[in-house]
Amino acid sequence: MTEPLGGWKRTHTCGELRGTDADRPVTLMGWAFRRRDHGGLIFVDLRDRDGVTQCVVNPAEAGAAHTRAEGVRSEFVLAVRGVVARRPAGTENARLPTGEIEVQVRELRILNEARPLPFPIEDEGDVDELVRLKYRYLDLRRPPLFQNFRLRDAVTRSVRGYLHGQGFIEVETPILTRQTPEGARDFLVPSRLSPGNFYALPQSPQLFKQLLMVAGFERYFQIARCFRDEDFRRDRQPEFTQIDVETAFLDRDDLLPLIEGMIVAVFRDVQGVELATPFPRLTYAEALARFGSDKPDLRFGLELVDLTELFRGGEFQALAQVAGTGGAVKGFRLPGAGGLSRKAADDLTAEAKSLGAKGLVWVKVTAEGLQSPVARFLEPVREVLLRRLGAGPGDLLLLVGDTMPLAAAVLGRLRVELAQRHGLVPADRRALAWIVDFPLFEYNAAEKRWDSMHHPFTAPRDEDVALMESDPGRALAKAYDLVLNGQEIGGGSIRIHQQPIQQKVFELLGIGKAEARAKFGFLLDALEFGAPPMGGIALGLDRLVAVLAGVDSIRDVIAFPKTQKGTDPMTDAPSPVPPVLLRDLGIRVVDVEKGKP
Ligand code: ASP
């Protein structure tokens, strides 16, 4: 039998009572987390979002409450009234903040019942993710998961506080809009009022925030939802959240410290950690050369060393050839890993090949000399090799010769994996860095044209504007990424604010004048009406919160995430719609799998 609240009011949460509250009359409300019947005394651990409090119902003192408590099952919703008492000596629970006390129940109300649950709330065990998502509201009752959302809230509060303090204003931009150019596929929404036409959900507020700068808003931010219809990729969500920022009249070197300040504020407010500033800056070229990645994990060393010159014209034919044909030989040292078994070495070679390398040279350094299948080719360069890599007995050396980007990328991946496997990643370190000076374009060989490395509105460096004519591949951009522990947590750029330069970029991207007009005419117009110099950034809020929460998946910091296939097992979205709705939209669905309308 359930009862109404009947005017009862909570006096405390289930997380706040301590020994000093003894004898206090209290009213608590929450869920029955655990219930133990000790033949006589019934113990109910009452849980709300703040914690758990042990409540004891004694038949001798509260007969009616005891009868009700006998019927209580997991996750029933309860209200209890009683008195706080210190737990008898020896029965305190030091692991629970409320572990010194219990509430001796005088009255108990069952506010609602609960069916047997598909999985226990208490047990963090292995529950199938589909089941967790189908009953997400139960999954979210699990205290550790809920804590992620408190943290997320603290992050957005800190971001808002900081940005408001810096003169930013929060502005919302449209969700129903035109296709935007972040390079992914758009989600489309058919328009009923303009049959045959579609809105696109924004991949980011990019163009709108630039237009707000033309409008004179000067400092904009938004905790913005973005939508990208991408195929299955590890830990991506079709909708995700960015801290989206745009400013006017700031160049890169003014903007980056401003954003650093925001990150510092977040870590301070949320974790009480004081980050050192300025964050190190690496150029894109340097990041690739030294770490084989444009999002290097700087929590540990294992830097790549360029060994091309060492092998040029030497006896090691394969590497000499790489050096002689414009390629690069790179290597790094894994300290103390020289004890590696033959099998482990072969596995590493296979791994390098699966990453695209033609082979991997592995070398164990011993007191007696080098051990490697190619040791005799290395003998002539042994001393310099060891010196260049700073290697000594007990170390493992790994070398790859290939084109520079490939050799670096393969070793970059091995660097990260081996650091993890060998426990060389300090878990409590937070390594932030800016990667700057990205190339403006990447060559798209298949389509024989240039692609933007960031997006088409990114400005070239002032000194590289002319290169767009003469040698576009060498033009560097005023683009930057923010990297935290080897993950990209944000990226942005100074924008093109002059129409002719924007036009030129479109041309190089293979977007003709007419097409540019049709797609971005509103932007091109705006650039002719007094657009100020502008630039901004977007930070992935989900990823940032996941790192702060110490969880691997962004699904653990999104209240209602989708599966890897973009479905929601709880609401069953996406779903078929009644034919009449399709008719109104002028849409006929063809070629769907059998069994669906
Ligand atoms: N709109 C960009 C993105 O979503 C970020 C930026 O340039 O501000 O990646």
Side-chain angles (χ1 to χ4, degrees), residues 159 163 168 170-175 177-187 200-214 217-230 233 236-248 250-252 254-256 258-260 262-263 284 294-295 434-442 451-461 476-484 487-497 501-502 505 509 519-520 523 527 531-544 554:
V159 163
L163 290 175
F168 283 80
E170 188 169 4
V171 183
E172 286 155 86
T173 53
I175 295 294
T177 176
R178 268 194 81 113
Q179 290 182 278
T180 51
E182 305 291 346
R185 193 188 292 263
D186 290 304
F187 281 103
L201 303 183
Q203 294 188 30
S204 86
Q206 185 60 39
L207 293 171
F208 289 103
K209 65 176 173 175
Q210 289 186 222
L211 295 172
L212 289 174
M213 293 308 106
V214 181
F217 280 36
E218 296 193 17
R219 292 188 171 204
Y220 140 99
F221 84 98
Q222 178 178 196
I223 310 281
R225 198 68 66 82
C226 305
F227 305 85
R228 297 183 191 178
D229 186 6
E230 290 176 307
R233 262 161 90 189
R236 290 280 180 117
Q237 285 282 310
E239 53 179 308
F240 58 95
T241 307
Q242 287 184 343
I243 305 167
D244 196 46
V245 172
E246 195 75 6
T247 63
L250 298 184
D251 219 331
R252 185 193 77 185
D254 310 309
L255 184 66
L256 298 192
L258 190 62
I259 301 303
E260 265 174 34
M262 179 174 89
I263 299 291
Y284 171 82
D294 61 359
K295 36 180 187 292
W434 291 107
I435 312 300
V436 299
D437 289 352
F438 282 85
L440 190 56
F441 301 110
E442 268 173 318
D451 281 336
S452 289
M453 191 122 171
H454 187 47
H455 54 54
F457 316 107
T458 298
R461 298 193 312 175
L476 298 182
K478 289 186 182 176
Y480 31 78
D481 275 358
L482 183 60
V483 173
L484 168 58
Q487 306 200 48
E488 182 201 319
I489 57 164
S493 59
I494 301 301
R495 324 298 181 190
I496 298 167
H497 69 287
I501 299 185
Q502 187 64 72
V505 168
L509 298 177
K519 279 190 172 157
F520 306 116
L523 176 75
L527 293 181
M534 60 181 112
I537 192 167
L539 294 135
L541 177 67
D542 310 294
R543 176 58 49 209
L544 179 63
I554 61 169

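Remember, it's 1-based here, ligands and their atoms both numbered in the order they're listed. The model shown is predicted, which means the values in this text are computed figures rather than measured ones.
- Here Q206 contributes atom CD and T458 contributes atom OG1; the two are 7.0 Å apart, rounded to the nearest 0.5 Å.
- For the pair E488 and ligand 1, no heavy-atom separation below 4.0 Å is found.
- For ligand 1, the atoms sitting less than 4.0 Å from at least one non-hydrogen atom of G491 are 5 (C), 6 (C), 8 (O), numbered in the order shown with element in parentheses.
- Annotation: S204 places an N or O atom under 3.5 Å from an N or O atom of ligand 1; distance criterion only.
- Of the N and O atoms on the side chains of S204 and Q242, not one donor lies less than 3.5 Å from an acceptor on the other residue.
- Within a 6.0 Å radius of CD in E230, other residues, nucleotides and ligands contribute more than 12 heavy atoms.
- Proximity of Q203 to ligand 1 is not established, as no heavy-atom distance is less than 4.0 Å.
- Annotation: the span from I263 atom CD1 to I243 atom CD1 amounts to 6.5 Å, rounded to 0.5 Å.
- Under 4.0 Å from ligand 1, the heavy atoms of Q242 that appear belong solely to its side chain.
- For ligand 1 and R228, the ligand atoms under 4.0 Å from any heavy atom of the residue are 3 (C), 4 (O).
- From H455, atom NE2 reaches atom CG of L207 across 8.5 Å, with rounding to the nearest 0.5 Å.
- What sits closest to atom 6 (C) of ligand 1 on the protein, heavy atoms only, is Q206 OE1, 3.2 Å.
- Contacts of I537 with ligand 1, taken as heavy-atom pairs under 4.0 Å, involve the backbone alone.
- An N or O contact shorter than 3.5 Å links R495 to ligand 1 by distance.
- The two residues D437 and Y284 have their closest heavy-atom pair at O-CB, 3.6 Å.
- Near K209, meaning under 4.0 Å from one of its heavy atoms, ligand 1 places the atoms 6 (C), 8 (O).
- Under 4.0 Å from ligand 1, the heavy atoms of H454 that appear belong solely to its side chain.
- Protein heavy atom closest to atom 9 (O) of ligand 1, with residue, atom name and distance, is E182 OE1, 3.8 Å.
- Between K295 and E488, none of the side-chain N atoms (NZ, or NE/NH1/NH2) sits under 4.0 Å from a carboxylate O, so this pair counts as no salt bridge.
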Please evaluate residues D186 and Q203 with respect to the criterion side chain to side chain contact (heavy atoms under 4.5 Å, CB included), reporting the C-alpha separation (whole Å), side-chain torsions for both, the decisive distance (0.1 Å), and the verdict. CA-CA 7 Å; D186 290 304; Q203 294 188 30; 2.8 Å; yes

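- Residues E170 and Q222 approach most closely at CG-CA, 4.4 Å, considering heavy atoms.
- Each of the atoms 6 (C), 7 (O) of ligand 1 lies under 4.0 Å from some heavy atom of G492.
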